[in-house]
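Remarks on the structure that follows.
These figures come from a predicted structure and were not determined experimentally. So you know, we letter chains A, B, ... as the sequences are listed, proteins then strands, and number each from 1.
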Amino acid sequence: MPKTTSSVANSPNANRPLDSLYARIYARVRRIPPGRVSTYGHIARLVGGCSARQVGYAMAALPEGSRVPWQRVINAKGEISRRRHGNGTDNQRAQLLAEGIHFDFKGRIDLRRYGWLSH
DNA sequence: CCTGTGACGTCCC
DNA sequence: TGGGACGCCACAG
């Protein structure tokens, strides 16, 4: 067994997905219903043992066409977080609009209205 | 091993 | 209300 921690997909726990941290993050994200959103930090606290940044990494690591509703995870300010590489933000906004989520004039989502928190 | 980076969050002014 | 500084930490090279 190699000492170094490899990537998620190649991790030694790959055949035990529910034991991997990323899988627990994904499981939590899957529970956000359509038309609602949660935040990176909130998911991190619910899962436990990880930071908001890691949740962002987990979302970035999702393969294209994943069943995980990553578009429902936004930042604590109610904004769609900007990718450094690529333009996935437009896609995310379009998907959320399609779910009936309203963006204010500054492009933000009202978490008091759409936030799926404490779940 | 060391360093830079990033789909974040909290504080402070 | 807004923007910058800083903390954070897994990953990749």
Side-chain angles (χ1 to χ4, degrees):
Chain A
M1 189 66 83
K3 151 184 101 66
T4 55
T5 306
S6 49
S7 70
V8 175
N10 299 329
S11 81
N13 291 332
N15 52 356
R16 291 189 307 160
L18 293 180
D19 287 342
S20 105
L21 178 59
Y22 277 24
R24 278 183 294 161
I25 291 172
Y26 298 149
R28 182 63 64 170
V29 172
R30 276 198 294 273
R31 300 182 59 182
I32 308 171
R36 306 299 296 275
V37 293
S38 189
T39 69
Y40 299 98
H42 199 77
I43 297 294
R45 273 186 307 154
L46 290 175
V47 169
C50 71
S51 64
R53 265 198 194 285
Q54 275 179 275
V55 175
Y57 263 108
M59 295 304 101
L62 283 170
E64 185 113 9
S66 166
R67 190 164 68 69
V68 178
W70 53 268
Q71 73 274 18
R72 296 176 194 145
V73 185
I74 62 177
N75 67 34
K77 293 178 287 191
E79 304 169 325
I80 290 175
S81 290
R82 292 298 191 81
R83 280 68 169 162
R84 289 304 180 185
H85 301 300
N87 267 17
T89 59
D90 292 340
N91 179 29
Q92 183 169 7
R93 181 185 170 93
Q95 293 204 48
L96 292 178
L97 282 172
E99 294 186 1
I101 290 176
H102 176 74
F103 287 77
D104 68 15
F105 71 107
K106 285 180 180 170
R108 292 184 303 208
I109 295 169
D110 185 356
L111 287 172
R112 294 172 307 177
R113 181 174 175 188
Y114 298 104
W116 184 250
L117 308 178
S118 303
H119 292 280

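Within the nucleic acid shown, A:Arg108 comes within 4.0 Å of sugar-phosphate atoms alone, with no base atom in reach, counting heavy atoms only. Within the nucleic acid shown, A:Ala60 comes within 4.0 Å of at least one base atom, counting heavy atoms only. Residue A:Arg84 is in sugar-phosphate contact alone, with no base atom involved, counting any heavy-atom pair closer than 4.0 Å across all strands shown.
As a whole-Å value, the separation of A:His85 NE2 from B:dT5 C1' is 8 Å. Separating the CZ atom of A:Arg45 from the C1' atom of B:dT10 is a distance of 12 Å, rounded to the nearest angstrom. Taking atom NE2 of A:His42 as the reference point, atom C1' of B:dA7 lies 18 Å away to the nearest angstrom. Atom OH of A:Tyr57 and atom C1' of B:dG9 are 16 Å apart (whole Å). Between the C1' atom of C:dG2 and the NZ atom of A:Lys106 lies a distance of 8 Å, rounded to the nearest Å. Regarding A:Lys77, its NZ atom lies at a distance of 8 Å from the P atom of B:dG9, rounded to whole Å. Atom-to-atom, CD of A:Gln54 to P of B:dG9 comes out at 13 Å; the value is rounded to the nearest Å. Atom OH in A:Tyr40 sits about 5 Å away from atom P in B:dC8, given to the nearest Å.
Cation-pi geometry between A:Arg93 and A:Phe103 is met: under 6.0 angstrom from the ring centre, within 45 degrees of the axis.
A donor-acceptor contact under 3.5 Å links the side chain of A:Arg53 to the base of C:dC8.
For C:dC8, neither phosphate oxygen OP1 nor OP2 lies less than 4.0 angstrom from any side-chain nitrogen or oxygen of A:Ser51.
Look at A:Glu99 and A:Arg72 and you find a salt bridge, because one of the NZ, NE, NH1 or NH2 atoms lies within 4.0 Å of a carboxylate O, short of that distance. A salt bridge links A:Asp110 with A:Arg112: the distance from a Lys NZ or Arg NE/NH1/NH2 to an Asp or Glu carboxylate oxygen falls below 4.0 Å.
The aromatic rings of A:Tyr26 and A:Tyr22 sit perpendicular to each other, their planes meeting at more than 60°, with 30° as the lower class boundary.
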